[in-house]
Every structure is written in C-alpha cells, then in structure tokens.
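Per chain, numbering begins at 1; letters A, B, ... match sequence-line order. Excluded from the calculations below are hydrogen atoms, water molecules and symmetry mates; all remaining heavy atoms, backbone and side chain alike, are included.
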There are 2 protein chains.
Amino acid sequence: MAEREQVLDWVERMAMFCAEEYGVPPIAGRILGWLMICDPPEQSAGQIAAAIGASKASLATNMRVLTDAKFVRRRTRPGERTNYYRVDDDAWETVIRRRVASLTEFRDLAADGIDLAGTGSGRAERLRVAHDVYDWMAKLFTETPRPRTRKQP
Amino acid sequence: MAEREQVLDWVERMAMFCAEEYGVPPIAGRILGWLMICDPPEQSAGQIAAAIGASKASLATNMRVLTDAKFVRRRTRPGERTNYYRVDDDAWETVIRRRVASLTEFRDLAADGIDLAGTGSGRAERLRVAHDVYDWMAKLFTETPRPRTRKQP
DNA sequence: CAGGAAGTTCAGTATGTTCTGAACTAGCTA
DNA sequence: TAGCTAGTTCAGAACATACTGAACTTCCTG
C-alpha cells in the first residue's frame, strides 16, 4: 500500500475511534487524526480539507468545535489571511482534565444519591460502591504524578 | 419536594449524565439510574417501566442493551414468568475494564502511527506524547491496587 | 479599484437514532 | 381450555445529527 494511502487509513481508524469513544463527528475525528500525523504539523483548512476529503463548510464548523474544545490551536501569520491549525500542545493535558471532571461529576452525583437514600440505608450502601469506584479513579489521576515525557533514546 | 419526586429527579440527572458521557440512549440511562437507587433493588420490567414512564417495547430493547453490556443482571424466579433486573454486582468492575480497553486501544493506535511515521521522526515524536499519556492512564488502572470497599463506620 | 481566495453562515438534504403501538408468542392460573 | 400477563419484534413516526452547496463578507494582491 502506498505511504499516503496507509496514512489516510490510519487517520480513518483514529477518526472512527474518536467518533465511537468520544462522540465527536466523523469529520472532526478525521481532522484530529490528520493533524496528529501530518507533515508539516501545522496546516491550513484548505490543506486539511483536501487531505481528508471534506467540504470547506464542514472544515469551518468542525475546526470551531475542536478549537473551542482546546484540542486544536489556530495560528495566524502576519500579513496572511490564512489560518493555520495544529494539535494544541496542551491537548493531552486537556484530555486528562476532562476525564477527571467527568469522574468527579459522577462521584458527586452518586454522593447526592446516597444523601437522598439516607446514609446507612441499603440503597445508600449500593450507591456507595459506585461512589468509591469513581472516587478511586478520579484520585488516581489527580494524585499520581505523571512522569515527564522524554526523548526516545 | 416529595421524596418520590426527588428520586425521579436524581434518576433523570443520572440518566442524562450517562447519555451525554457514555452515549447510552436516554431510556437505558433512566433504567440504570432507577436500578441504582430503587427499593427493592431488584425489579421487574413492568415496575421499572412504570417508574420511569417508558413503554414496554422500550424496556425490552434497552434491557437487552444493558444486560448484554453486563451492567444489569437478569434473574428469574422458579415458577414465575416475570424477569427481575438489578445492577450487576460486577458492573463497576466492568466500567473499569472497559475504560482500560479503550485507553489501550488508543495507545496501540498511536503506536501504529509512530511506526507509520517512522520512529524517531518529528511526526513520530508528536505521536509519542499522545502514546505516553494514554499508556500512563492505562497503567494507572491496571497497576494500582484498588482498596476494598468496606462498610461505612 | 477589480479579482480572487479564505472563511463564515445558513437552508436543505441525507442519514441515523430513539421511541412507541400493535401484532404476536408463550407461560401461568382458574 | 380460555383468559390474562410478560415479553419480543417490527414498522413507522418523531426527532436529532452531519454534511454540503451557495450566498455572503473580508482581506490580500495585482
């Protein structure tokens, strides 16, 4: 298989993963996938559209979603009207932050349920198991220091 | 607010959380929410349908989704045709297992991208950051022992 | 200034999802 | 056996989502 074709195939796999696991629209997934692996790492909407085979309109809509979500960063160059996009340097930190927020939201919801059921009741005990699992997961992320990524030897 | 109304409100919040975060259909979310907090903890489809205000058909469809996903367990009683449902005892373990599977899938996808880009290249370096973050998250779950949930003092 | 490309917005189309009533099957009970 | 209830399946309605062409605005370039 040609290099380009292999890359597009990978982009598609990544896009579908993002669509299924995180519920992003297919085109947003393709943009993300493309920006993860493309060269140069910073490209214009036109270049991206050509690469993934989507319309200008779809690019505008989906780029906005991705930049609002802080996964993609827009950069302008002086004296140029074209915007260039790349994966935000903090994108992966953002992924972790979002994950923690989701876990704590569930945990707090479970806590509300425990209050509602009456602490100590059987119903509350059942909810406490869920609460504790989510609490454990959330704390795992917030309390474990992440080793700094370093250059491959 | 009446007790019952408060509970239904909580169920609705839980249902919407599941729908938004995990992409389950609203009714499946309501079933889950109801089964988490209802008394008795094991109820028939008819009881659940009445509680959350859904049709028999929707219950059949969504119960199947939830039992297939191992979040809900079906139990039959001898000499009775009615099926009873409750939150699976292992539901939260299942949540964790699914999460790990998702993390490793992304990590492996990133690894494929690194191979494709050529290890050591700039493109590969960019992907390695993503790879390492997901690897870290996956290992967090698999390598951290979870404290046994115990009765509240 | 005129021409053209980048970017946005919107209306319309296509597609997919979710829910229900109704028709059906099957088991319990009288 | 007849009647009632639990459960399943399916077709269709209602709704939501994703995508694009086209019209428009804006800004660079000649």
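- Annotation: salt bridge (charged side-chain N to carboxylate O under 4.0 Å, His left out) contacts involving residues 20-34 of chain B, sequence neighbours excluded, comprise B/Glu12-B/Arg30.
- The salt bridge (charged side-chain N to carboxylate O under 4.0 Å, His left out) pairs that include a residue from residues 59-73 of chain A are A/Arg64-A/Asp68, A/Arg73-A/Asp88, where partners are two or more places apart or lie in different chains.
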Problem set entry | Footprint string (nucleotides 7-21 of chain D, 5' to 3'): B base within contact, S backbone only, - free, heavy atoms under 4.0 Å | BBB--------SSBB
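- Identified under the side-chain hydrogen bond (donor to acceptor under 3.5 Å, both in side chains) test for residues 38-54 of chain A, with sequence neighbours left out: A/Trp34-A/Gln43, A/Glu42-A/Arg75, A/Glu42-A/Arg77, A/Glu42-A/Arg86, A/Ser44-A/Gln47.
- Residue pairs meeting the salt bridge (charged side-chain N to carboxylate O under 4.0 Å, His left out) criterion with at least one partner in residues 106-117 of chain B, sequence neighbours excluded, are A/Arg13-B/Asp112, B/Arg107-B/Asp135.
- Going from atom CD of A/Glu80 over to atom C1' of C/dG7 covers 14 Å, rounded to whole Å.
- The CD atom of A/Gln43 sits 13 Å away from the P atom of C/dG7 (whole-angstrom rounding).
- Across the protein-nucleic acid pair, A/Ile48 atom CD1 and C/dA6 atom P stand 13 Å apart, rounded to whole Å.
- Pairs of residues two or more places apart, or lying in two chains, that qualify as salt bridge (charged side-chain N to carboxylate O under 4.0 Å, His left out) and include a residue from residues 91-100 of chain A are A/Glu93-A/Arg146.
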